[in-house]
Every structure is written in C-alpha cells, then in structure tokens.
Amino acid sequence: MEEAKKQNTSVIAFDALDYNTICSCIRGAEIARRPVIIMLYPGMREIISFRSFAAIVKDLAQKASVPVALHLDHCTNYELLMQAIEDGFTSVMADGSTLSYEDNVRFTRSVVQAAREKGVDVEGELGHVGQVAAGDVYTDERGFTLPEEAASFAEETGVTSLAVAIGSCHGMYKAEPKLALDRLQEIRRATGVPLVLHGGSGIPEDQLEKAFRMGINKFNVATEYVILYEQLQHTFYTEQYGKVSPFEKYKVVRSGLEEYIARKLQLCTIKV
Ligand code: 13P
C-alpha cells in the first residue's frame with residue numbers, strides 16, 4: 001500500500017473462501033504481473049478455519065512470482081481479531097465503523113496496540129460503508145468520512161490504512177454509484193495514511209482510475225468474484241455434467257476466475 005501510495009495507484013484485494021478462489025487470485029496476479037491481497041471475511045471461518053486459510057495463502061505466496069498479502073476483512077470483535085493474528089494473519093481490519101467516533105478510536109487503538117507487537121498491520125474504518133442488500137443509503141454525503149476526523153482518527157489509533165465512506169456500498173449496486181472524488185481528495189490532503197475503498201463490485205472503471213490517482217491505495221472486491229465463481233460452476237454443471245470427468249471442473253472454473261482477476265488487476269499500475 002505504501003508503494004501504491006508513492007505511485008498514485010491502488011493494490012487490489014479480493015475476498016476468497018476456499019482453495020480455488022485463493023489459487024485463482026494468485027495465478028491471475030501472476031498473469032497480470034501485479035501484486036494482490038487475499039482477504040477472508042470472518043464469517044467464512046465456518047467454511048475454512050483462520051489457520052487453514054492463512055496456511056494456504058502463505059504456502060502459495062511463497063511459491064508465487066508476485067507479491068501476495070494476507071488480510072482479515074471486516075472484523076468487529078476483539079477476541080476474534082486476536083484469534084486471527086494467533087492463527088497467522090499478518091494484516092487485519094478492525095471495523096468499528098458503526099460505533100461512535102470515540103468508541104471506534106478506543107476499539108481500533110486497542111487492536112493496533114496488540115497487533116503492533118506482532119508486526120501485524122491494521123486497517124480501520126471511519127464513516128460507515130453499508131450494504132446495498134440492507135437498504136443502506138450510500139449517496140448521502142452526510143454519511144461520508146470527514147477529512148478532519150480521518151486525520152485525527154489515523155493519528156489517535158495508529159492504523160496502517162483507513163477505509164473511507166465516499167459513496168460506495170457493499171454488494172451489487174441497484175443504480176450506478178458516483179464516488180465523491182472531491183471528498184476523497186480532501187481526505188487525502190488531511191492525512192497521509194493509505195486509504196481503502198470498499199464495495200468495489202460494479203464501480204465503473206473510469207471512476208476507479210480517478211479514485212486510485214486521487215488517494216485510494218487499497219481497493220476491495222468480493223461480490224463480483226464470488227458471483228462469478230457460482231456462475232462458472234453453474235455453467236459447468238449445466239453444459240458439461242456427465243459429459244466430462246468431474247475432476248475437470250476445477251480447471252474450467254479456475255481458468256475463468258484467473259482471467260477475471262488478471263483483467264481486474266490491470267487497474268493497478270504497479271507492475272512487478
Ligand atoms: P463488494 O462485495 O461490493 O465487492 O465489496 C467488497 C468489500 O468491500 C469487502 O470488504
């Protein structure tokens with residue numbers, strides 16, 4: 001992220017949930033010759049444990065020809081964050097964005113203090129990036145991150161990156177989002193900490209290119225990737241089921257995922 005900041009671009013982070021989605025992120029990054037961040041939603045630990053996820057990413061990262069980072073996405077629970085660090089995560093998101101400013105600072109700072117001893121990075125969030133499915137409003141600038149608060153939050157907590165609310169939302173948008181790029185520039189001027197854009201699925205590329213140039217240094221994508229995974233499996237079952245060996249499925253599915261990752265990563269201008 002620091003390198004992305006220097007080069008006025010963004011690294012791209014994808015939420016994965018199993019071996020296929022992890023592998024395809026790395027292979028896609030190798031094809032694109034770009035760095036990649038692989039994230040896990042804490043809720044997914046019902047499918048894959050923190051320890052297993054971290055071990056797989058680290059094992060494949062060591063063999064990869066591009067930089068690969070590991071990150072725990074949106075975690076609101078202190079004990080769970082400590083568990084993830086214990087289980088091998090080298091970067092975590094302490095999400096106190098639904099708390100008051102003061103409580104968010106307290107929560108995030110406590111995670112930073114514990115994580116720092118272990119050399120683990122901590123992403124915070126200020127201003128809440130909601131969910132389209134929950135009907136959260138993301139177009140009202142009264143909910144956007146305030147530049148002066150972003151500066152004091154970064155200072156008071158010691159976060160290594162900060163997620164900001166500038167008009168994006170998690171899930172598939174019902175209407176095209178419009179990022180508040182002026183607000184982003186004000187936040188960038190107010191604080192030097194790398195900024196993170198959540199709710200990446202469905203944001204038009206021209207807006208992303210501008211946002212990356214204006215201060216976003218980490219960009220999160222989940223829904224698009226997971227839906228594609230579903231679609232590729234669905235296509236395999238409807239078109240190939242019974243015609244080819246079931247052991248072929250992972251090849252077809254992974255190659256579709258890799259292609260998507262390699263294409264998406266073109267938005268990042270760091271070539272490795
Ligand atoms: P989307 O699911 O909208 O791509 O958002 C991903 C995200 O921000 C994960 O933290």
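Whatever order the structure lists them in is the order used to number ligands and atoms, beginning at 1.
For Tyr237, the side chain to side chain donor-acceptor pair (under 3.5 Å) test picks out Lys249, with sequence neighbours left out. In this view, Arg106 and Asp103 satisfy the side chain to side chain donor-acceptor pair (under 3.5 Å) rule, not counting sequence neighbours. The side chain to side chain contact (heavy atoms under 4.5 Å, CB included) test applied to Pro204 returns Glu176, Pro177, Asp206, Gln207, not counting sequence neighbours.
Ordered by chain and residue number, the residues placing a heavy atom less than 4.0 Å from ligand 1 are Asp15, Tyr41, Asp73, His74, Cys169, His170, Gly171, His198, Gly199, Gly200, Ser201, Asn220, Val221, Ala222, Thr223.
Here the two rings, on Phe107 and Tyr78, have centers that are 6.0 Å apart or farther.
Atom NZ in Lys118 sits 7.5 Å away from atom CE in Met82 (nearest 0.5 Å).
A 4.5 Å side-chain heavy-atom check between Leu265 and Leu267 finds every atom pair outside the cut-off.
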